There are 2 protein chains.
Amino acid sequence: MTANRIEHLLNHSNLIKCLYYNEVLTSADISNYTGKSIPHTIKVLNELIKEGYVAEKGFANSSGGRKPLNYSLIADTHYLLSVAMNQFSAQMVVVDMNNNFVSNVVRYEFDIHLLQAETFVAHLKNFLENCGIPKTNILGIGLTMPGFVDTEAGVNYTFLKVSGHTLVEYIQQNISIPVFLDNDSTAIALAEQKFGVAAHIKNVMVLNLGWGIGLGMILNDKIFRGNNGLAGEFSHIPLFKNGKLCNCGKHGCLETEASLIAVTATAKEGIRQGQITSLANYKEVDADVIITEAIKGDVFSVKLISEAAYHVGEGLAILIHLMNPAAIVLSGKGSVVGKLWLAPIQQAINEHCIPMLTNYTEFIISNLNTKAQLIGGAALVVENFGKKLEDKLAAIEESAYAN
Amino acid sequence: MTANRIEHLLNHSNLIKCLYYNEVLTSADISNYTGKSIPHTIKVLNELIKEGYVAEKGFANSSGGRKPLNYSLIADTHYLLSVAMNQFSAQMVVVDMNNNFVSNVVRYEFDIHLLQAETFVAHLKNFLENCGIPKTNILGIGLTMPGFVDTEAGVNYTFLKVSGHTLVEYIQQNISIPVFLDNDSTAIALAEQKFGVAAHIKNVMVLNLGWGIGLGMILNDKIFRGNNGLAGEFSHIPLFKNGKLCNCGKHGCLETEASLIAVTATAKEGIRQGQITSLANYKEVDADVIITEAIKGDVFSVKLISEAAYHVGEGLAILIHLMNPAAIVLSGKGSVVGKLWLAPIQQAINEHCIPMLTNYTEFIISNLNTKAQLIGGAALVVENFGKKLEDKLAAIEESAYAN
DNA sequence: AAAACTTTTTAAATTTTTTAAAAAGAAGTA
DNA sequence: TACTTCTTTTTAAAAAATTTAAAAAGTTTT
């Protein structure tokens with residue numbers, strides 16, 4: 001039944017996608033985006049208007065001629081649930097078909113290493129009961145989290161492992177809503193591509209500056225996941241001969257010198273050794289504190305961030321040599337102090353990159369701030385409009401019958 | 001005129017391509033490859049048979065049912081010219097529509113740093129006059145060479161620069177055959193994908209073990225070129241703090257430790273210092289000599305290759321983290337001693353890679369040997385069958401009219 | 001108010017795919 | 001060996017989808 005009602009939505013998923021990503025478009029825009037002819041596009045639009053999914057939205061400007069009709073998705077026909085997890089918490093929010101947040105953003109805290117799937121599902125159920133949106137109107141859940149994620153298989157090899165089932169299966173069975181799983185950095189890259197500064201750039205590297213240093217790659221306008229969904233492990237490229245043991249088990253990973261975790265450790269060591277710094281005034285020093293003090297101008301804090309950024313730059317130099325991207329986007333939680341990173345990164349690039357290559361690569365600081373991952377999680381569901389979502393809906397319905 | 005005669009060939013370029021790459025296929029195979037229905041495929045095939053491009057080639061086996069007809073391209077309707085350049089020479093050969101070499105492979109020697117476009121064109125003309133194939137039957141030239149190549153622009157930023165024109169324009173104007181330019185390593189990757197061990201693998205890294213260490217990347221079944229055609233600069237990723245100046249102007253590039261040039265330098269230094277090695281018996285030590293002696297078992301030579309290979313492995317560890325490829329192919333001139341490279345590379349990978357990732361990546365040694373680049377050059381022309389070749393043919397015809 | 005330019009709509013033509021039936025071969029069975 | 005059954009390919013006809021081209025309708029500029 002559900003599957004039937006939204007048949008049209010999923011059959012014309014490409015059209016729906018571009019409307020979701022662009023809010024309002026003319027028939028010509030849509031035709032351009034989907035690669036179908038304008039007559040055909042208009043025919044489908046009119047069907048979708050009749051079904052109640054699309055509405056005309058006045059006229060767009062014309063460069064001298066009949067003004068074209070604008071079209072947009074009707075916001076409240078369906079909803080998406082985005083769950084953005086990091087090492088210490090998960091944020092949840094309901095998003096409508098115009099990419100607006102229509103519930104409170106609720107945060108659940110935990111240590112991801114200890115988090116059980118059962119507990120997580122309880123959080124999820126709790127959120128669904130209190131978010132104010134009827135569950136049957138939620139088309140899918142976009143779950144994005146750190147770790148080695150195989151999107152196809154629906155498994156996170158690092159966290160939230162469930163025995164006997166894939167993580168996605170487990171949640172779907174308990175919540176009865178289709179679930180799509182992806183890596184946090186991939187989600188951020190998707191958000192930047194669809195709604196952020198990476199829009200319309202064909203080859204972009206999106207850095208997720210957070211506890212680690214995540215990477216989402218957009219190659220030829222598509223998220224690149226590698227052969228098993230494990231591509232983009234930027235954090236653990238072996239770059240240093242420093243002997244520092246990384247939590248991945250190897251030595252000398254980029255992360256051992258450049259992540260906020262490494263920065264925090266160095267800060268604590270510095271304070272212990274009597275460094276003159278405003279950080280000494282804090283009882284507990286963490287990444288947030290260092291960022292705060294760096295913004296205020298604390299010399300030691302700035303130096304710490306700069307050193308980390310320089311090391312990130314060393315890694316980026318390699319990335320530029322290999323990928324020749326048009327742009328590198330600084331996103332994720334750490335990007336709120338994007339400018340602090342920029343100079344040392346540029347410095348490292350200048351020292352380690354062939355000029356021919358750097359000339360073509362631009363650095364951009366994200367404007368999505370902390371919302372990037374949540375936006376990306378909703379977009380992840382939209383990306384799967386079409387056959388994949390249809391299959392999941394059918395499977396869930398079938399298992400409901402069986403019970 | 002020319003353009004008209006081969007209209008059908010270019011209109012159905014996808015079908016032609018898969019026949020070129022596979023020699024014989026059934027209609028079902030082709031339908032599968034092109035994504036068109038079987039009736040449509042058969043219709044087009046019959047047209048092409050009428051035009052004289054395609055022939056039926058007996059029957060294929062069936063697992064219990066009517067045997068399907070085999071189809072293949074008629075070999076001598078047209079030809080492709082492949083020019084494979086390295087630092088010291090260019091090889092040229094004419095290839096027919098079944099990927100057979102139908103002329104002698106002719107080598108012209110030079111120092112690429114000193115080579116002038118004028119000289120090169122003279123070599124090309126000389127070859128064309130003596131190859132035994134009428135020029136009008138040659139559909140295109142695939143020119144593949146080292147350096148920073150922008151395929152779209154038709155320019156090599158490093159070698160064979162022509163003032164006032166792009167390199168491709170210059171050659172086309174003098175030879176009146178469409179020219180397609182690409183990087184040597186990209187050509188090798190293309191050859192491995194279409195005719196070699198990388199066939200049917202979705203994400204592969206193809207290493208060109210030669211004077212430098214080139215890289216061609218196949219991502220999602222497509223050659224990846226980056227934003228300006230400069231992707232895959234594996235040779236110059238900044239990996240070492242060794243202070244060694246690279247010919248690119250930077251310090252510590254992978255090439256400074258891992259290329260055959262670096263190996264040769266180390267060998268000479270070792271001999272000077274009185275190392276016990278059969279290399280000492282040679283008047284002039286070069287890469288070929290070291291490879292030869294390594295095969296024979298000279299301990300010093302093996303050690304030299306092993307050390308270089310280990311460093312290549314360090315670079316590959318980074319590549320695996322970033323790209324999560326299904327396979328890494330060792331190709332290029334150096335791959336004839338592929339097994340010599342394998343153990344030390346594996347060693348480096350084991351030390352520097354997260355096991356989760358290495359589990360999914362297989363190492364394969366090429367079987368195309370020294371022919372890879374030539375095959376790739378011809379394939380480069382075939383890849384451009386369709387609009388691009390059509391446009392070039394039209395432009396050349398037009399300029400012929402103008403004169 | 002006419003001319004120039006745009007976009008939308010409609011209708012016709014074309015292409016492509018689907019469906020169904022016929023043909024051809026292989027394997028099992030009596 | 002002859003016959004049946006099962007597969008798979010090929011052919012032909014019907015249906016669906018898409019593209020193309022031209023007409024219609026509206027805006028802006030002159």
Side-chain angles (χ1 to χ4, degrees), chain A residues 4 7-19 22-51 53-73 385-387 390, chain B residues 4 6-19 22-51 53-73 385-387 390-391:
Chain A
N4 272 339
E7 206 173 83
H8 289 82
L9 205 67
L10 301 182
N11 278 347
H12 302 290
S13 54
N14 282 336
L15 193 155
I16 302 290
K17 280 180 203 175
C18 70
L19 278 176
N22 296 86
E23 193 130 10
V24 290
L25 291 173
T26 68
S27 60
D29 295 333
I30 297 172
S31 160
N32 218 24
Y33 188 104
T34 59
K36 306 290 175 179
S37 65
I38 289 181
H40 178 252
T41 303
I42 290 179
K43 198 188 95 198
V44 173
L45 279 170
N46 286 330
E47 273 170 39
L48 289 168
I49 288 173
K50 206 175 286 168
E51 304 277 333
Y53 293 116
V54 170
E56 295 180 354
K57 264 282 167 68
F59 296 92
N61 282 340
S62 158
S63 56
R66 179 174 179 171
K67 285 181 176 173
L69 264 172
N70 266 331
Y71 297 87
S72 71
L73 291 180
F385 273 25
K387 182 124 182 48
E390 208 174 324
Chain B
N4 272 340
I6 66 160
E7 206 173 84
H8 289 81
L9 207 66
L10 301 183
N11 278 346
H12 302 290
S13 54
N14 281 337
L15 193 153
I16 301 290
K17 280 180 204 176
C18 70
L19 278 175
N22 295 87
E23 194 130 9
V24 290
L25 290 174
T26 68
S27 59
D29 295 334
I30 297 171
S31 160
N32 218 22
Y33 188 103
T34 59
K36 305 290 174 181
S37 66
I38 289 180
H40 179 251
T41 302
I42 291 178
K43 200 189 96 198
V44 173
L45 280 170
N46 287 330
E47 275 170 38
L48 289 167
I49 288 172
K50 205 174 287 169
E51 305 277 332
Y53 294 116
V54 170
E56 295 179 354
K57 266 281 167 70
F59 297 91
N61 282 338
S62 158
S63 57
R66 178 171 179 172
K67 286 182 174 172
L69 264 171
N70 267 330
Y71 298 88
S72 71
L73 291 180
F385 273 23
K387 182 121 184 52
E390 209 174 324
D391 288 350

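Only this structure's heavy atoms are used, side chains among them; waters, hydrogens and symmetry mates stay out. A, B, ... follow the sequence lines: proteins, then strands. Residue 1 opens every chain. Predicted model only: the values in this text are computed from it and were never measured.
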Identify which nucleotide among dT16(C), dT10(D), dT18(D) has an atom closest to any side-chain atom of K36(A), counting heavy atoms from C-beta outward.
-> dT18(D)
Under 4.0 angstrom, heavy atoms only, what part of the nucleic acid is S27(A) near: base, sugar-phosphate, or nothing?
-> sugar-phosphate
Whole angstrom value for the distance that separates P of dT8(C) from CD1 of I42(A) | 6 Å
Which comes earlier along DNA chain D counting from the 5' end, the contact point of P39(B) or that of A28(B), where each point is its nearest nucleotide?
-> A28(B)
Round to the nearest Å and state the distance from K43(B) atom NZ to dT9(D) atom C1'.
-> 19 Å
Separation of atom CD1 in I38(A) from atom P in dA22(D), rounded to whole Å | 17 Å
Could you give the CG-to-P distance, from L45(A) to dT8(C), as a whole number of Å?
-> 10 Å
In whole Å, what is the span from the CG atom of L69(A) to the P atom of dG26(D)?
-> 12 Å
Indicate yes or no: at least one non-hydrogen side-chain atom of L73(A) is less than 4.5 angstrom from one of V54(A).
-> yes
What residue among V44(B), N14(B), L19(B) forms side chain to side chain contact (heavy atoms under 4.5 Å, CB included) with I30(B)?
-> L19(B)
Rounded off to whole Å, could you give me the CG-to-C1' distance for the D29(A) and dT7(C) pair?
-> 12 Å
Does K67(B) place a side-chain N or O at less than 4.0 Å from the phosphate oxygens OP1/OP2 of dT9(D)?
-> no
Does N46(B) use its side chain to pair, donor to acceptor, with the backbone of I42(B) at less than 3.5 Å?
-> yes
In whole angstrom, what separates H40(A)'s NE2 from dT16(C)'s C1'?
-> 13 Å
Ignoring hydrogens and geometry, is there a side-chain-to-backbone donor-acceptor pair from D29(A) to T26(A) under 3.5 Å?
-> yes
Quick one: N32(A) CG to dT19(D) C1', roughly how many Å, whole number?
-> 16 Å
